[in-house]
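Note that the structure is predicted; figures quoted are calculated from it, not measured.
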Amino acid sequence: MSKLSGITPSGHVHLGNHLGAVRRWAREGGADDLYFVADLHGMTTPHNPAKLRSLAREQLAVLIAAGIDPERVFVQSDLARELGALTWVLECTCNYGEAARMIQFKEKSKGQAGVRLSLLTYPALMAADILLQGADEVPVGEDQRQHVELTRTLAKRFNGTYGEVFTIPRAVLPPAGARVKDLADPTRKMSKSARDAVGVVFVLDEPDQIRRKIRRAVTDGGSVPVHAPETRPGMANLLEILAACRGGSPADLAEEFSSYGAVKDAVADAVIEELRPLRSRAVALLDDVAELDRVRKAGAERARERGSHRLDAALRMIGAAASIGDQSGHSHGRMTS
């Protein structure tokens, strides 16, 4: 049983990404699970190419530094030829109405002038990500579940029309992780793309930066710490971060402190210690360009080899004359997921 998860380099990796997903991937990922930096997905809206490239490298380094096996991590654009070919196959399998009905397309294109076509066809690329690797399960939030359902539809349609090639994946809700809120506005999630980073703790922030951000965190009326998410979301957010880093329940932790300042100091200490080894390893990788390139290439080769026979079969069955692998000189393994 294999899983596939991705993270889009729309900004620097933050504490919420780490506590909610990346740390779990490192601790619980199976030998056949794959994790990728979805940089191609970051091109559906206007972006800075140099920044996107830099963020992709940074995210790769963070995933590896978090403890994920380098062989199970890759950057999406390193498989651009394979994914491009399979995306076209799936676009030729998908109906326009199916793509246009995607809720994310409707929401992101609403009121926008000059919407990129890739925003409409993005679900076909996501389907290619999943089907190329033969993933059985795709952990996603509710906002992406519809895309996985479309992937299932396209896989079944292709298999029924041309022949059995693709595993039929299913969407699964990941285990509940820490839901870290913005320190400056605890009514919203911490986000990589937040316009104002004052409330966002990034995993590569210096310890002094982390402490300053947490000390400035918005708190609520009252002086005695309590865990009351509905009435005191700012303090609840800090206690939940502390619980995610130290263990224990937010309500029990609240009883250890007599002031908001003491909570902030404890949270800062816990977050700094939680991120210290990850930051150290990630910075070392980013400084060692040759080593990061080596592990990136190895991860891409494994992902390419794992999916090559599916792409070959899909192209052959739909009527293409030659496979991407034959044209680019890649040798084809016969690995299965």
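For the pair Arg302 and Glu305, the minimum side-chain heavy-atom distance is 4.5 Å or more. Using a 4.5 Å heavy-atom threshold, the side chains of Lys192 and Leu55 count as separate. Within the 4.5 Å cutoff, no side-chain heavy atoms of Asn17 are placed close to those of Val203. Residues Leu285 and Arg281 have side chains not in contact (no heavy-atom distance under 4.5 Å, counting atoms from C-beta outward). You'll find the side chain of His147 stays beyond 4.5 Å of the side chain of Val138, heavy atoms only. Contact of the Arg170 side chain with the Arg152 side chain is registered, since non-hydrogen atoms from C-beta on lie closer than 4.5 Å. When side chains are defined from C-beta on, Leu238 counts as touching Leu183, because their heavy atoms get closer than 4.5 Å. The side-chain heavy atoms of Ser10 and His41, taken from C-beta on, include no pair separated by under 4.5 Å.
Of the possible polar contacts, none joining the Asp252 side chain to the Ser249 backbone as a donor-acceptor pair under 3.5 Å is found. For the pair Asn95 (side chain) and Gly97 (backbone), a donor-acceptor distance under 3.5 Å is absent. Side-chain atoms of Arg310 come within 3.5 Å of backbone N or O of Leu132 as a donor-acceptor pair. Remark: the backbone N or O of Ala262 is paired with a side-chain donor or acceptor of Ser259 at under 3.5 angstrom. Side chain of Arg157 to main chain of Thr93: a donor-acceptor pair is present (N/O by atom type, distance under 3.5 Å, no hydrogens or angles). At distances below 3.5 Å, at least one donor-acceptor pair connects side-chain atoms of His14 with backbone N or O atoms of Met190.
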Would you sort out whether Val37 and Leu63 count as a side-chain contact (heavy atoms from CB on, under 4.5 Å), showing the intermediate values?
CA-CA 9 Å; Val37 178; Leu63 294 181; 4.0 Å; yes
Before giving the answer on salt bridge (charged side-chain N to carboxylate O under 4.0 Å, His left out), spell out for Asp32 and Arg72 the whole-Å C-alpha distance, their side-chain angles and the decisive distance to 0.1 Å.
CA-CA 8 Å; Asp32 289 326; Arg72 296 192 288 118; over 6 Å; no
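Nearest approach of Thr219 to Lys264, heavy atoms of both residues: CG2-CE, 3.6 Å. Ser2 approaches Gly134 most closely through the heavy-atom pair OG-O, 3.5 Å. Scanning all heavy atoms of the two residues, the minimum distance from Val140 to Leu173 falls at O-CD2, 3.4 Å. Leu4 approaches Pro139 most closely through the heavy-atom pair O-CD, 3.5 Å. The shortest non-hydrogen separation linking Ser5 to Trp25 is CB-CZ2, 3.6 Å. Lys213 approaches Val198 most closely through the heavy-atom pair CG-O, 3.7 Å.
The local environment of CD1 in Ile168 is crowded, with over 12 non-hydrogen atoms from other residues, nucleotides or ligands closer than 6.0 Å.
Here Glu291 pairs with Arg294 under the side chain to side chain donor-acceptor pair (under 3.5 Å) rule; sequence neighbours left out. In this structure, the side chain to side chain donor-acceptor pair (under 3.5 Å) partners of Arg246, at least two apart in sequence or on a different chain, are Glu256.
Screening Val75, Val73, Ile64 for a side chain to side chain contact (heavy atoms under 4.5 Å, CB included) with Arg296, the sole residue that qualifies is Val75.
Within the structure, side chain to side chain donor-acceptor pair (under 3.5 Å) contacts touching residues 52-65 (residues at least two apart or in different chains) are His12-Glu58, Arg57-Asp293.
We find the CG-CG distance between Leu90 and Leu154 to be 6.0 Å, quoted to the nearest 0.5 Å. Rounding to the nearest 0.5 Å gives a distance of 10.5 Å between CZ of Arg304 and CD of Gln133.
With hydrophobic clusters built from ILVMFWY side chains whose heavy atoms lie under 4.5 angstrom apart, Val180 does not share a cluster with Val218. Note on Val295: it clusters hydrophobically with Leu278, by side-chain heavy-atom contacts below 4.5 Å among ILVMFWY residues. If you chain together hydrophobic residues whose side chains sit under 4.5 Å apart, Leu204 and Val201 fall into the same group. Residue Tyr96 is grouped with residue Leu119 when hydrophobic side chains (ILVMFWY) are merged at heavy-atom distances under 4.5 angstrom, including chains of intermediate members.
The pair Glu28-Lys3 fails the salt-bridge criterion, with no side-chain N (NZ, NE, NH1 or NH2) lying under 4.0 Å from an Asp/Glu carboxylate O.
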